[in-house]
**Q** 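I have a structure I would like to understand better, so I am pasting it below and will then ask my questions one at a time.
When a ligand or atom number is given, it counts from 1 through the structure's own listing order.
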Amino acid sequence: MQDCIFCKIVNKEIPADIVYEDDNVLVFKDIKPAAPIHLLLIPKKHISTFFDLQPEDNDIMGRVQRAAATVAGDMGLTERGFRLVSNCMSDAGQVVFHIHYHLLAGRPLQWPPG
Ligand code: 5GP
Ligand code: ZN
């Protein structure tokens, strides 16, 4: 989608530090990390929010979630683990309206988040 920063990253129109890519999924480092490891996991398909998910998106969203385990495993996080979170709409602080998960790891994480 035009004017979507994550679509521009998918299309390599703007650079990102990509750590995993396949036909459906892209994983790259957050530009403003909130933890020693802070990745963004997105479907390559533009979907704005969870409220826009369609039944045909089940497969691709499952692939995004499985990419979290793949990447975390490759990074040696199988013992310590990670947090996968997604901000949906204004109360959660969603800024980029291309659905994404944050993968946070590398330090003990507070719960509940702010
Ligand atoms: P949200 O609040 O929408 O869940 O989070 C969007 C995230 O995208 C933020 O953590 C922000 O730092 C990150 N971000 C915004 N623009 C860019 C960008 O151009 N490149 C990268 N790598 N991350 C970005
Ligand atoms: Zn997009």
**Q** Please check if the number of heavy atoms outside Asn11 that lie under 6.0 Å from its CG is greater than 12.
**A** yes
**Q** Side-chain contact, heavy-atom cut-off 4.5 Å: Leu103 with Val85?
**A**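 No, side chains not in contact.
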**Q** What residue and heavy atom of the protein are closest to atom 2 (O) of ligand 1, and at what distance?
**A** Gly93 O, 2.8 Å
**Q** Would His100 and His98 count as a close aromatic pair, with their ring centres under 6.0 Å?
**A**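 No, the ring centres sit 6.0 Å or more apart.
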**Q** Report the nearest protein non-hydrogen atom to atom 22 (N) of ligand 1: residue, atom name, distance rounded to 0.1 Å.
**A**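 Among all protein heavy atoms, the one nearest atom 22 (N) of ligand 1 is Lys29 O, 2.9 Å.
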**Q** Which ligand 1 atoms, with their elements, are less than 4.0 angstrom from a heavy-atom of Asn87?
**A**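 Close to Asn87: 1 (P), 2 (O), 4 (O).
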**Q** Side-chain contact, heavy-atom cut-off 4.5 Å: Val25 with Ile42?
**A**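 Side-chain contact under 4.5 Å: no.
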**Q** Decide whether the shortest distance between a heavy atom of Phe6 and an atom of ligand 1 is less than 4.0 Å.
**A** yes
**Q** Does Val27 reach the side chain of Ile18, with side-chain heavy atoms less than 4.5 Å apart?
**A** no
**Q** Quick one: does Ala16 get a heavy atom under 4.0 Å from ligand 1?
**A** no
**Q** As an exercise, identify every atom of ligand 1 less than 4.0 angstrom from a heavy atom of Ile9.
**A** 20 (N)
**Q** With atoms numbered from 1 as shown, which atoms in ligand 1 lie under 4.0 angstrom from a non-hydrogen atom of His102?
**A**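 Answer, ordered by atom number: 1 (P), 4 (O), 5 (O), 7 (C), 10 (O).
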**Q** Nearest non-hydrogen atom to atom 5 (O) of ligand 1 belongs to which of Gln94, His100, Lys32?
**A** His100
**Q** Do Tyr20 and Phe28 have their ring centres less than 6.0 Å from each other?
**A** no
**Q** Tell me if a side-chain donor or acceptor on Glu21 pairs with a main-chain N or O of Val19 at a distance below 3.5 Å.
**A**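 No; judged by distance alone, with no hydrogens or angles, the pair does not exist.
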**Q** Check for me whether Asp17 has a heavy atom closer than 4.0 Å to any atom of ligand 1.
**A**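 Asp17: no contact with ligand 1 (<4.0 Å).
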**Q** Can you find a pair of side-chain heavy atoms, one from Lys44 and one from Asp22, that are under 4.5 Å apart?
**A**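 Answer no - side chains too far apart.
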**Q** Tell me, do Arg83 and Tyr101 make a side-chain contact under 4.5 Å, heavy atoms counted?
**A** no
**Q** Nearest protein heavy atom to atom 15 (C) of ligand 1, by residue and atom, and its distance?
**A**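 Result for atom 15 (C) of ligand 1: Val96 CG2, 4.1 Å.
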**Q** Which residue holds the protein heavy atom closest to atom 19 (O) of ligand 1, what is that atom called, and what is the gap in Å?
**A** Ile5 CD1, 3.4 Å
**Q** Only heavy atoms of Leu40, strictly under 4.0 Å: list the atoms of ligand 1 that pass.
**A** 8 (O), 13 (C), 23 (N)
**Q** Identify, for atom 24 (C) of ligand 1, the protein heavy atom at the shortest distance, and state residue, atom and that distance.
**A**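 So the nearest neighbour among protein heavy atoms is Ile31 CG2, 3.5 Å.
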**Q** Among protein heavy atoms, which sits nearest to atom 12 (O) of ligand 1, and what does the distance come to when rounded to 0.1 Å?
**A** Asp30 OD1, 2.5 Å
**Q** In terms of heavy-atom contacts, does CZ of Arg107 have more than 12 from other residues, nucleotides or ligands at under 6.0 Å?
**A**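 Atom CZ in Arg107 is crowded, with more than 12 foreign heavy atoms closer than 6.0 Å.
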**Q** Treating Glu56 as the side-chain partner and Asn58 as the backbone partner, does any N or O pair qualify as donor plus acceptor under 3.5 Å?
**A**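 Side chain of Glu56 to backbone of Asn58: no pair is present.
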**Q** Within a radius of less than 6.0 Å around CD of Glu13, do more than 12 heavy atoms belonging to other residues, nucleotides or ligands occur?
**A**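 Yes, the 6.0 Å shell around CD holds more than 12 heavy atoms from other groups.
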**Q** Measure the distance from atom 3 (O) of ligand 1 to every protein heavy atom, then report the residue, atom name and distance (to 0.1 Å) of the closest one.
**A** Val95 N, 2.7 Å
**Q** Any side-chain to backbone donor/acceptor pair from Gln65 onto Leu84? Under 3.5 Å, distance only.
**A**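 Looks like no, no N/O pair under 3.5 Å.
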**Q** What protein N, O or S atoms come within a distance below 2.8 Å of the Zn ion (ligand 2), ordered by chain and number?
**A** Cys4 SG, Cys7 SG, His46 ND1, His98 ND1
